[in-house]
Number of protein chains: 2
Amino acid sequence: MIDEETARERVVSTADRLFYAHGVQAVGMDTVRTESGVSLKRIYALFPSKDDLVLAVLRRRTRQWDTGVTGAVSGAGTPRDRLLAVFDFLAEWFREDTFRGCAFINFFGELGGDSNRVAEAVREQKASFQRRVAELVREAGGPGHLAPQLVLLAEGAQTTAAISGEPDAAAHARAAADTLIRCAFEGSQEAERAL
Amino acid sequence: MIDEETARERVVSTADRLFYAHGVQAVGMDTVRTESGVSLKRIYALFPSKDDLVLAVLRRRTRQWDTGVTGAVSGAGTPRDRLLAVFDFLAEWFREDTFRGCAFINFFGELGGDSNRVAEAVREQKASFQRRVAELVREAGGPGHLAPQLVLLAEGAQTTAAISGEPDAAAHARAAADTLIRCAFEGSQEAERAL
DNA sequence: TAGAGTAGAGAACGATGGTTCTCTGCGCAA
DNA sequence: TTGCGCAGAGAACCATCGTTCTCTACTCTA
């Protein structure tokens, strides 16, 4: 018999793969059971309802996203490169052949209208990413309005890459981000000179 | 007995409202029937399957989007204002209290993994918007790389506004677009001077 | 070895899905 | 008026959903 943590991880990773590929409602719990190899009884002992499983998937994705961004950012040198590294991280992700957009956006569109728990989890993840980018902008000494603009580019790149199927949306977003960053710093330097 | 076109319009507009608010799979055909007042027999005579109804909803949204963009753009003066007008159009849309993101993105996330027809319809709408923006950029004399960047901002604004619930994503997108446009034109003027 | 307890497989259950069918009733031609 | 045809309401149908239950079999202790 397998360990509880192992069973939990198997169920969540299986559910993640299936929900992300086909949508949540298109995947039955029976399929999760078959593909994870964990019995329904065990699954329901770990996750009281499908909704809880969906939330567990979102929590897992949040952790993965955070460590991914951290890794990408930490590899970059200058503060401005650290901002651009976020878009390199996106580019890498978009090239995975299982890529099908941002799971948070997809789940929100499918379930957010009726499930407050899902909507709230998605909102929190997006807000957390926004805070992360704002912090990177602050560290680079950029103006406050830059962060939400860069976030829009990242979000747009995710949906565009998903729908078009072409990963070069990340390159467009990176180029646009580069322009915005450059202009923002010119602007703030001008502001400094004006003082 | 009501006209065929009237019945069709009633069914599609009802399905649009319900699918958009709750997601496609969360809404049964029986609810569409109840809320539209058109019998199931009639609905299935007009739309052979739920999938066809979903496609009809997408076609309707495509028409509305196109006329909306056309209206917004035609009200603006200079070619560069015409580009920015797209973001004013978004701002207006985001303030509607039924706003819940881009239906194409939502439907793609929910159904695009399994339904090629839906995925293709969404892809085509996004490609059409991209062509539209590219044409506006061309008319304004901007460089070719500007259009996909502006599109990313528009897409990002839609999902961000939907998830955060705050319509000011449109303002951020507009400001970023303004910066990108200004930089692009400075760049192309420099290029012209260099000739 | 005997027995208690637990895990797994999957049948069972009630609800609901998309889709079809039946039955009722109304309008209309002869 | 009579019979025909079609529209509408919703019951019916089968599959599948999320969830629970049962039964078998195995493990571990005394």
Side-chain angles (χ1 to χ4, degrees), chain A residues 1-58 106-107 109-118, chain B residues 1-58 106-107 109-118:
Chain A
M1 177 204 144
I2 55 177
D3 183 57
E4 164 164 337
E5 275 320 299
T6 311
R8 188 181 292 270
E9 167 60 20
R10 272 200 208 170
V11 171
V12 177
S13 67
T14 302
D16 189 330
R17 176 170 51 83
L18 294 171
F19 291 169
Y20 180 61
H22 306 283
V24 174
Q25 315 214 64
V27 176
M29 292 297 281
D30 216 60
T31 308
V32 174
R33 169 203 123 154
T34 305
E35 303 233 352
S36 69
V38 177
S39 74
L40 275 178
K41 194 174 172 183
R42 196 98 190 268
I43 292 176
Y44 275 92
L46 295 168
F47 309 98
S49 74
K50 192 183 186 181
D51 224 45
D52 293 289
L53 180 52
V54 171
L55 288 170
V57 167
L58 289 179
N106 292 352
F107 287 16
E110 182 176 356
L111 309 169
D114 289 328
S115 166
N116 277 324
R117 297 169 74 198
V118 169
Chain B
M1 175 205 145
I2 55 176
D3 183 57
E4 165 165 337
E5 274 321 298
T6 312
R8 187 182 293 270
E9 167 60 21
R10 272 201 209 168
V11 172
V12 176
S13 67
T14 303
D16 189 330
R17 176 172 51 83
L18 294 170
F19 292 170
Y20 180 61
H22 304 101
V24 174
Q25 315 214 64
V27 176
M29 293 297 282
D30 216 60
T31 310
V32 174
R33 170 203 122 151
T34 305
E35 303 233 353
S36 69
V38 177
S39 73
L40 275 178
K41 195 175 172 183
R42 195 98 191 265
I43 292 177
Y44 275 91
L46 295 168
F47 309 98
S49 74
K50 193 182 186 181
D51 224 46
D52 292 288
L53 180 53
V54 171
L55 288 170
V57 168
L58 289 179
N106 292 353
F107 287 16
E110 182 175 357
L111 309 169
D114 288 329
S115 165
N116 277 324
R117 298 169 73 199
V118 169

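None of these values were measured; they are calculated from a predicted model. All values below come from the heavy atoms of this structure, side chains included, with hydrogens, waters and symmetry mates left out.
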Just by modelled atom types, is the [Y] backbone N or O under 3.5 Å from a matching donor or acceptor in the [X] side chain?
{"X": "S115(A)", "Y": "G112(A)", "answer": "no"}
{"X": "E110(A)", "Y": "G109(B)", "answer": "no"}
{"X": "S36(A)", "Y": "V32(A)", "answer": "yes"}

**Prompt:** How would you list all residue pairs meeting side-chain hydrogen bond (donor to acceptor under 3.5 Å, both in side chains) that involve residues 14-33 of chain B, not counting sequence neighbours?
**Reply:**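 Sorted pair list: D16(B)-R61(B), R17(B)-E35(B).
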Residues which pass salt bridge (charged side-chain N to carboxylate O under 4.0 Å, His left out) with [X], listed by chain and number, not counting sequence neighbours:
{"X": "D52(B)", "value": "R117(B)"}
{"X": "D114(B)", "value": "none"}
{"X": "R8(B)", "value": "E4(B), E5(B)"}

**Between dT6(C) (C1') and E4(A) (CD): distance, integer Å** =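 Nearest whole value for this atom pair: 14 Å.
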**Message:** From CG of L46(B) over to P of dT19(C), roughly how many Å is that when rounded to an integer?
**Reply:**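 Roughly 14 Å, once rounded to whole Å.
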**Item:** Nucleotide-resolved protein contact map, nucleotides 11-22 of chain D, B/S/- at heavy-atom distance under 4.0 Å
**Value:** -------SBB--
**Message:** Applying side chain to side chain contact (heavy atoms under 4.5 Å, CB included), can you list everything that pairs with A56(B), at least two apart in sequence or on another chain?
**Reply:**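 Expected list: V12(B), F47(B), R59(B).
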**Asked** Between residues 14-22 of chain A and DNA chain C, which residues have a heavy-atom gap below 4.0 Å?
**Response**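 The answer is none.
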